Amino acid sequence: MPGTELFGAEERKEINDVLETGILFRYNHEQQRKGIWKARDFEEEVKKLTGARFAHAVSSGSTAVATALAASGIGAGDKVIVPPFTYIATVEAVLMLGALPVFAEIDETLCLSAEGIEKAVTADTKAVCLVHMCGGMAHMDAILPVIQKHNLILVEDAGQAFGASYHGTHVGLFGKAGCYSFDFFKIATAGEGGVVVTNDEKVYKLADSYSDHGHDHIGTIRGMEQHPVLGFNYRISELHAAVGLAQTRKVPYIRSVNRKYKNMLMELLSNTPGISFAKVPDPDGDSATFLNLLLPDQPTAARTVEALNEHGVGGFNYWFVNMYHFINQWDHLKEMRTASKLPIEIFGTPQDYSQLHLPKSQEVIGRLISFGIRCTWNEEEVKTLARRISDCVLKAVQKAHV
Ligand SMILES: *Cc1c(COP(=O)(O)O)cnc(C)c1O
């Protein structure tokens, strides 16, 4: 949670600017706000960092996914390919729009693979919601031809990969629209917040309207604005945007420290038998928020987790069983437990979610242990952590041979 580690004077200054005027709303009130526009500044800062032509801030990463999908034209009855390893918000956003999630396989990049997408495509597949997981990125050179070949809409959920890029292009900018999360656990936080990015002006305008009841935001009198589309309230407040602005400015620093410590850990661990790493298709573009270990098999990973717990080594996630990021934990989805009826319950599910056969994803996530990189570590702490991880893996590997 690097951003939260660095919360300080810079964030307080931006918040105080807003408190001085009391204009917590991002639109209008030109007189009273004395030139303070934090949501706009936050968007400009995200554009500067990512190179996006357009950026629009909203209330959360989840509403950013929903807005990106809606502005890309995805809605009721549309089949959307999604990964089984993601924060559930991706799948929920598809469902809440009335669209139908189709699960495809990931690979050692921890993201959907070109082969996985290819296998899941049918004649009526509309889109792919590609998720860039654990600070890294999907293998775009392999995936983009599949998207083009089948004429699919690409939307990127880069909720966990703000600041990451692939061969010079920031994740989120390969398709029609992309998005980032600024919740409390991401590389930069706004408390709660999200940003939609796109290079397509039409998509941007739709996102801008959709996330604020359809308002076109033309003119200075809110009550007199036009409404090109129906929408909803996914607005960000000026206070949250103020924090997001200060934090986004810190991302280049956080990213460089993360990379340094991640590289150190990888070097120190590279000679430990049994340890390999998740694939990062462009290591120079890694936001490096996680060190992702791949153990030889699921039982060895489980024994490593046991050893880590025994020795009090914290700061890691074993997504296969412990965390809410893998389909094995999504019983509510498999049993279609909903608060009220969703369109998918009328259209019918495109796959039987309780009987999904995703052996590759099971195999990869079964072997994966992810350590959060902290930008406030020092080198001594990094070396100690590497030694402790190495000891635990060795113990787990040796146990396999007795
Ligand atoms: C965190 C996250 C989200 C949701 O973001 P919130 O800001 O918590 O709503 C969506 N997708 C991914 C991949 C995430 O990691």
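Just follow the structure's listing: the first ligand is 1, and inside any ligand the first atom is 1. Worth saying up front: this structure is predicted, and the values here are computed from it rather than measured.
Looking at atom 5 (O) of ligand 1, its nearest protein heavy atom turns out to be S181 OG, 3.2 Å. If you check which protein heavy atom lies closest to atom 1 (C) of ligand 1, you get K186 NZ, 1.6 Å. Counting protein heavy atoms only, atom 11 (N) of ligand 1 is closest to D157 OD2, 2.7 Å. Regarding atom 4 (C) of ligand 1, its nearest protein heavy-atom neighbour is S62 OG, 3.5 Å.
Taking every non-hydrogen atom of Y87 and a distance limit under 4.0 Å, the qualifying atoms of ligand 1 come out as 2 (C), 3 (C), 4 (C), 12 (C), 14 (C), 15 (O). Taking every non-hydrogen atom of V131 and a distance limit under 4.0 Å, the qualifying atoms of ligand 1 come out as 13 (C). Within ligand 1, counting atoms from 1 as listed, the ones closer than 4.0 Å to a heavy atom of T86 are 13 (C).
If you look at T63 next to ligand 1, there are no close heavy atoms at all, none under 4.0 Å. Contacts between A89 and ligand 1 below 4.0 angstrom, taking non-hydrogen atoms only, involve the side chain exclusively. With a 4.0 Å heavy-atom cut-off, ligand 1 is reached by no atom of E192.
Considering backbone and side-chain atoms alike, Q160 places an N or O below 3.5 Å from some N or O of ligand 1. Ligand 1 has an N or O atom lying under 3.5 Å from an N or O atom of G61, backbone or side chain. Considering backbone and side-chain N/O atoms, D183 comes within less than 3.5 Å of an N/O atom of ligand 1.
No donor-acceptor pair under 3.5 Å is formed between the side chain of T86 and the backbone N or O of I88.
At least one side-chain heavy atom of N258 sits less than 4.5 Å from a side-chain heavy atom of I187. Using a 4.5 Å heavy-atom cutoff, the side chains of F25 and R222 are in contact.
At a cut-off of 3.5 Å, with distance as the only test, no side-chain donor of S60 or E192 sits close to an acceptor on the other residue. In the model, S113 has no side-chain atom that pairs as donor or acceptor with a side-chain atom of E105 under 3.5 Å. Between the side chains of N199 and Y204, no donor-acceptor pair of N or O atoms lies under 3.5 Å. For the 3.5 Å distance criterion, the side chains of N317 and S370 fail to qualify, holding no donor opposite an acceptor.
Heavy-atom distances between H325 and ligand 1 stay at or above 4.0 Å for every pair.
We find that K176 and E156 are not joined by a salt bridge, their nearest charged nitrogen and carboxylate oxygen being 4.0 Å or further apart.
In this pair, F316 and F371 present their aromatic rings tilted. The plane angle is within the 30 to 60° band.
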